Colleague: 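This structure is in structure tokens; I'll ask about it shortly.
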Amino acid sequence: MSASNIPAGKGPTDNEAPAKGRDFIRTIIDRHMEEGKYDGKVMTRFPPEPNGYLHIGHAKSICLNFGLAAEFGGACNLRFDDTNPSKEEVEYVDSIMEDVKWLGFDWEDRLYYASNYFERLYEYAVQLIIDGKAYVDSLSAEEIREHRGTLTEPGKNSPYRDRSVEENLELFADMRAGKYRDGDHVLRAKIDMASANVIMRDPALFRIKHAVHHRTGDAWCIYPMYDFAHCLSDAIEGVTHSICTLEFENNRELYDWVLDTLGISPRPHQYEFARLNITYTVLSKRKLIQLVEDKLVSGWDDPRMPTISGLRRRGYTPASIRNFCEKIGVAKADSTVDHALLEFCVREDLNESAPRVMGVLNPLKVVIENYPEDREEDFDFPYHPEKEEMGSRKVPFSKILYIEQEDFREDPPKKFFRLAPGREVRLRYAYYVTCTDVVKDENGTVVEVRCTYDPETKGGWSKDGRKVKGTLHWVSAKHALKAEVRLYEKLFQKENPASTKDGTDFKDHLYPESLVTLTDALVEPSLTNAEPGQRFQFERMGYFCADSKDSRPGSPVFNRTATLRDSWARIEKQMNNK
RNA sequence: UGGGGUGUAGCCAAGUCGGUAAGGCAACGGGUUUUGGUCCCGUCAUUCGAGGGUUCGAGUCCUUCCACCCCAGCCA
């Protein structure tokens, strides 16, 4: 179960230099440590509700919680906040565990479920009733809403608010015993219906819900609410710093009320940070689930999804996601991170680790006129130009090759350094070739390029010092392996698709070309046995990952993780704009 | 017209007891280069939401205002 090479209870440490500025949470904990609080040990937890797949926003929280524990000599629990059986499924708990592990974090033996605490939570609720701090309300949901008041007007007490302790105890026991239907009663905290904080207006603590729970089955028909379960679960686990997102700021008062009213000490404290937003995508479970259910994507792990499983299938590395989370920082201001930073993080990692290979996405036939018909050469090319230790592979060369369509222009624009009639370019690591002629089809489209090669330039060097401006990748027609290549782009074409200010729905902004499938790409033969999940750089084209579901030996399928930075595309765009 | 938060460059984000605006991404120049990749070097906030005030000195203190986010689930 434990991810490899990770110190007990900790997360991996990336090679990044420690951030210079500390975020507000670390600053607070620094002070706690100086004051000798918590015996110098920080206890955190990552508490997902198993009602969907984890996304990169969760990765931020995971990195924070596990990271804090590691930095301050503590530990981080994985706790499923499974208090609402109607939304939760084991499929989700399994995927969450897989994703946390894959990210490189280890909760060791500290796997918990709020549902483990149902009995204790029930007892705490009974205690509140005995103390006169909770009561069973028999108003309907609608009546309760009406009694709550508004943001500017105080609420009204429920007529059931002053039931006797005995009556409350009996009612609550009967709720648990299944004597009522959903909605007949609800256990509420007796706080203040006039509180300026609406959350404090006698919040519900337990509700009746006749539903099968993925862990407790039908053992219960009443379930605790988040605000009651979360703080107590934290306390039960000895959590010191309970870190959540900003939308729970208002709930902190209730978090404290429950623990203080029950006299729990020592007790955890809640801190809130801003959730992650990224441009050109959506990061809310509600929206992601819609994309899946409406079949707008192929599933939770569609490589365009911002889910951990989607990013994994896309070819992102755990380290790249961790680095991303470190780079974005932790603060309280609502913010939207540029998707370019995420891309930068994968490229940064893959540039170091991905073996280089050649793959032609949109093939254009090239015939080397002066190369013998029956000749073949087996070149030995390094997997990484700067890392000899990564080894090499054999790449065959022959008379008929394929190059990238966009690497040839019959009428080349300025600054185009690639192949064109009369031009000499280098075929990477192989030979200099000069274009002598083209063959066109009936529509005038160039379907074949005729070249001559210079036998004196073997390896891609010329002894006479002659320079060539372009270097192209290529594959040998006879030896190339056909592959399916899936080119992924951003899922949405609008920077903030979730914004409803213009009256549109986020689904209106899906980018139609977010997936372009190429079925006739040709890759070098060394890729025949690419392992599903294996990552490569297709030289000059980008980073690609053999698809974990569809790739097969002999007929690989590659997902484009990210393109390489492309300054020619930029130059061309600039020229077109002029 | 209630309460809780937040506002530092195009995007994130540091900024200790007030001492004269870190870093990253993006962008833009230039160098190296058998990937128009990588790498390297350089440019990019006289100003910190706005206005007043205190001070020799304010992003940091006081004050007024403005903008944005969250809260009226028996969701989390």
Side-chain angles (χ1 to χ4, degrees), chain A residues 16-17 19-23 27 47-49 51 81 83-84 86-87 137 139-141 144-146 148-155 182-188 195-201 203-209 222-223 225-227 229-230 244-253 272 274 276 278-279 285-286 326-345 347-348 351-352 356 358 385-386 415-418 426-430 432 459-461 468-473 537-542 563-572:
Chain A
E16 298 292 292
K20 195 184 165 208
R22 311 217 83 193
D23 58 70
T27 302
E49 182 190 15
N51 67 343
D81 222 343
T83 56
N84 185 356
S86 44
K87 287 188 172 181
D137 196 354
L139 253 24
S140 68
I144 285 181
R145 186 175 359 106
E146 285 161 1
R148 190 153 23 232
T150 68
L151 295 179
T152 52
E153 298 160 323
D182 291 8
D184 283 353
H185 307 284
V186 63
L187 184 75
R188 293 229 258 168
S195 174
N197 182 355
V198 185
I199 285 174
M200 297 299 279
R201 320 239 263 228
L205 266 21
F206 265 88
R207 78 287 214 181
I208 299 170
K209 195 183 268 279
I222 59 171
Y223 293 93
M225 299 292 291
Y226 163 85
D227 285 303
H230 204 92
C244 62
T245 44
L246 249 28
E247 64 268 29
F248 292 100
E249 279 176 317
N250 297 316
N251 299 59
R252 189 177 59 234
E253 190 177 354
E272 312 88 9
L276 175 65
I278 299 180
T279 55
K285 251 184 224 173
R286 206 199 104 248
E326 188 178 312
K327 282 186 161 74
I328 57 177
V330 178
K332 298 195 71 148
D334 295 308
S335 61
T336 303
V337 175
D338 191 339
H339 80 289
L341 181 60
L342 219 206
E343 280 200 353
F344 168 83
C345 290
R347 290 197 189 106
E348 184 185 43
N351 177 49
E352 291 295 315
R356 271 60 173 174
M358 292 197 287
E386 281 115 43
K415 296 184 182 173
F416 183 84
F417 301 151
R418 308 173 185 183
R426 172 167 41 229
L427 294 180
R428 169 136 251 220
Y429 295 136
Y432 285 8
W461 292 106
V468 104
K469 272 197 162 171
T471 300
L472 313 186
H473 60 281
Q537 182 195 97
F538 286 6
E539 290 210 49
R540 305 207 308 134
M541 300 311 289
T563 59
L564 257 27
R565 285 184 71 215
D566 188 352
S567 51
W568 162 242
R570 213 166 307 173
I571 291 167
E572 199 177 24

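Hydrogens, waters and symmetry mates play no part in the numbers below; they use all other heavy atoms, side chains included. Order of the sequence lines fixes the chain letters, A, B, ..., with proteins taken first and strands second; residue numbering starts at 1 for each chain. Since the structure is predicted, the reported quantities are computational estimates derived from the model, not experimental observations.
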Colleague: I144(A) versus R188(A): any side-chain heavy-atom pair under 4.5 Å?
Modeller: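 Yes, at least one pair of side-chain atoms sits under 4.5 Å.
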Colleague: Whole angstroms only, please: what is the CG-P distance between D566(A) and rG36(B)?
Modeller: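 Checked: the CG to P distance equals 9 Å.
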Colleague: Roughly how far apart, to the nearest Å, are rA67(B) and rG31(B) at atom P?
Modeller: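 To the nearest whole Å, 50 Å.
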Colleague: Could you measure between the two C1' atoms, the one in rG52(B) and the one in rA14(B), and give it in whole Å?
Modeller: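 Nearest-Å result for rG52(B) against rA14(B) at atom C1': 28 Å.
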Colleague: Say you pick atom P in rU6(B) and the same atom in rC61(B); how far apart are they, in whole Å?
Modeller: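 Comparing P positions in rU6(B) and rC61(B) gives a spacing of 13 Å.
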Colleague: Please report the distance separating the C1' of rG30(B) from the corresponding atom of rG36(B), rounded so that it comes out in whole Å.
Modeller: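 Result for the C1' pair: 15 Å, nearest Å.
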Colleague: For rC39(B) and rU33(B), measure between their C1' atoms and round to the nearest Å.
Modeller: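 Those two atoms are separated by 9 Å.
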Colleague: Heavy-atom distance under 4.5 Å between the side chains of F248(A) and H230(A), does that happen here?
Modeller: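 They are not in contact (no side-chain heavy atoms under 4.5 Å apart), so the answer is no.
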Colleague: Across the strands shown, which category fits F417(A) at heavy-atom distances under 4.0 angstrom: base, sugar-phosphate, nothing?
Modeller: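 Base contact.
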Colleague: With rounding to whole Å, what would you report as the distance between rC69(B) and rC12(B) at their P atoms?
Modeller: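 Straight-line distance between the two P atoms is 14 Å.
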Colleague: Quick one: does E146(A)'s side chain get under 4.5 Å of L139(A)'s, heavy atoms only?
Modeller: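 Not in contact.
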Colleague: Could you tell me how far rU20(B) sits from rG59(B) if I compare only their P atoms? Round to whole Å.
Modeller: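 Pairwise P distance, rG59(B) against rU20(B), rounds to 11 Å.
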Colleague: Can you measure R426(A) atom CZ to rG37(B) atom P for me and round it to whole angstrom units?
Modeller: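 So the two atoms are 14 Å apart, to the nearest Å.
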Colleague: Taking any heavy-atom pair under 4.0 Å as a contact, classify K415(A): base, sugar-phosphate, or nothing.
Modeller: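 Base contact.
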Colleague: OP1 or OP2 of rG37(B) versus the side-chain N and O atoms of R356(A): is any pair under 4.0 Å?
Modeller: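 Negative; the distance criterion is not met.
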Colleague: Mind checking if L472(A) touches a base, just sugar-phosphate, or nothing, with heavy atoms under 4.0 Å?
Modeller: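 No contact.
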Colleague: State whether the side chain of R201(A) and the backbone N or O of S195(A) hold a donor-acceptor pair below 3.5 Å, judged by distance alone.
Modeller: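 Judged by distance alone, yes, a pair lies under 3.5 Å.
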Colleague: Can you name the closest pair of heavy atoms from V186(A) and F206(A) and give their distance?
Modeller: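 Scanning both residues completely, I find the closest heavy atoms to be CG2-O, 3.0 Å.
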Colleague: Does the base of rU38(B) carry an N or O that pairs as donor and acceptor with the side chain of E352(A) under 3.5 Å?
Modeller: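 Such a pair does not exist between side chain and base.
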Colleague: When every nucleotide of nucleotides 71-76 of chain B is labelled 5' to 3' by its protein contacts under 4.0 Å (heavy atoms), B for base, S for sugar-phosphate only, - for none, what sequence of letters results?
Modeller: BBSBBB
Colleague: Between atom CG in L246(A) and atom P in rG3(B), what is the gap in whole Å?
Modeller: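 It works out to 19 Å between those atoms.
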Colleague: Note every stem involving RNA chain B: at least three consecutive Watson-Crick or G-U wobble pairs, i with j then i+1 with j-1, with both distances under 3.5 Å.
Modeller: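 Stems (3+ consecutive pairs) listed as B:2-7 with B:66-71, B:10-12 with B:23-25, B:27-31 with B:39-43, B:49-53 with B:61-65.
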Colleague: Does R565(A) get its side chain close enough to the base of rU38(B), under 3.5 Å, for a donor-acceptor pair?
Modeller: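 By the distance-only test, no, there is no pair.
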Colleague: Mind calculating the distance between CZ (R252(A)) and P (rG5(B)) to the nearest angstrom?
Modeller: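 Taking atom P of rG5(B) as the reference, CZ of R252(A) is at 6 Å.
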Colleague: Any side-chain N or O of R347(A) less than 4.0 Å from the OP1 or OP2 oxygen of rU38(B)?
Modeller: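 Looking at the OP1 and OP2 atoms of rU38(B), neither is under 4.0 Å from any side-chain N or O of R347(A).
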Colleague: Side-chain contact, heavy-atom cut-off 4.5 Å: F416(A) with E572(A)?
Modeller: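 They are not in contact (no side-chain heavy atoms under 4.5 Å apart), so the answer is no.
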Colleague: Would you indicate what E272(A) reaches in the nucleic acid, counting non-hydrogen atoms under 4.0 angstrom: base, sugar-phosphate, or nothing?
Modeller: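 The answer is nothing, as E272(A) stays clear of every strand by at least 4.0 Å.
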Colleague: Tell me whether E49(A) is salt-bridged to K87(A), with the criterion being a basic N under 4.0 Å from an acidic carboxylate O.
Modeller: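 Looking at K87(A) together with E49(A), the answer is no, because their closest N to O distance does not fall below 4.0 Å.
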Colleague: Is there side-chain contact between N84(A) and M225(A), with at least one heavy-atom pair below 4.5 Å?
Modeller: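 Not in contact.
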Colleague: Please classify the nucleic acid contact of F416(A) as base, sugar-phosphate, or nothing, using heavy-atom distances under 4.0 Å.
Modeller: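 It contacts base atoms.
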Colleague: Which nucleotide in the list rU35(B), rG37(B), rG4(B) gets nearest to the side chain of Q537(A)?
Modeller: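 Comparing rU35(B), rG37(B), rG4(B) against the side chain of Q537(A), the answer is rU35(B).
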Colleague: Could you tell me whether R570(A) contacts a base, only the sugar-phosphate backbone, or nothing, with contacts defined as non-hydrogen atoms closer than 4.0 Å?
Modeller: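 R570(A): backbone/sugar contact only, no base atoms under 4.0 Å.
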Colleague: Mind checking whether Y223(A) and S86(A) have side chains closer than 4.5 Å, heavy atoms only?
Modeller: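 When only atoms from C-beta onward are counted, S86(A) and Y223(A) do not touch, as no gap falls below 4.5 Å.
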Colleague: Below 4.5 Å, heavy atoms only, C-beta onward: do M358(A) and Y429(A) meet side chain to side chain?
Modeller: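 The answer is no; the side chains never approach within 4.5 Å.
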Colleague: Starting at atom CG of L276(A), determine the distance to atom C1' of rC25(B), rounded to an integer number of angstrom.
Modeller: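 So the two atoms are 14 Å apart, to the nearest Å.
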Colleague: At 4.0 Å (heavy atoms only), tell me whether P385(A) reaches a base, stays on the sugar-phosphate, or touches nothing.
Modeller: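 Here P385(A) touches the bases of the nucleic acid.
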Colleague: Classify the nucleic acid contact of T336(A) as base, sugar-phosphate or nothing, counting any heavy atom under 4.0 Å across all strands shown.
Modeller: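 Touches sugar-phosphate only.
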Colleague: Does rG37(B) have its OP1 or OP2 closer than 4.0 Å to a side-chain nitrogen or oxygen of S567(A)?
Modeller: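 Indeed, a polar side-chain atom of S567(A) lies that close.
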Colleague: What distance, rounded to whole Å, do you find between the two P atoms, one in rU16(B) and one in rA21(B)?
Modeller: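 Pairwise P distance, rU16(B) against rA21(B), rounds to 14 Å.
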Colleague: Rounding to a whole Å, what distance do you find between K332(A):NZ and rG15(B):P?
Modeller: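 Spelled out: NZ on K332(A) to P on rG15(B) is 15 Å.
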Colleague: Is there a donor-acceptor contact under 3.5 Å linking the side chains of T27(A) and R22(A)?
Modeller: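 Note: T27(A) and R22(A) side chains miss the donor-acceptor criterion.
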Colleague: Quick check: on RNA chain B, is the nucleotide nearest I328(A) upstream (toward 5') of the one nearest L341(A), or the reverse? Name the residue that is more 5'.
Modeller: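 Between the two, 5'-proximity favours I328(A).
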Colleague: So which nucleotide from rG37(B), rG5(B), rA13(B) ends up closest to the side chain of D334(A)?
Modeller: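 For D334(A), the side-chain atoms sit closest to rG5(B).
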Colleague: In the structure I gave you, are the side-chain heavy atoms of L342(A) and V337(A) within less than 4.5 Å of one another anywhere?
Modeller: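 SC-SC contact between L342(A) and V337(A) ruled out.
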Colleague: Would you mind reading off the distance between R428(A) atom CZ and rU38(B) atom C1', rounded to a whole angstrom?
Modeller: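 Rounding to the nearest Å, CZ of R428(A) and C1' of rU38(B) are 11 Å apart.
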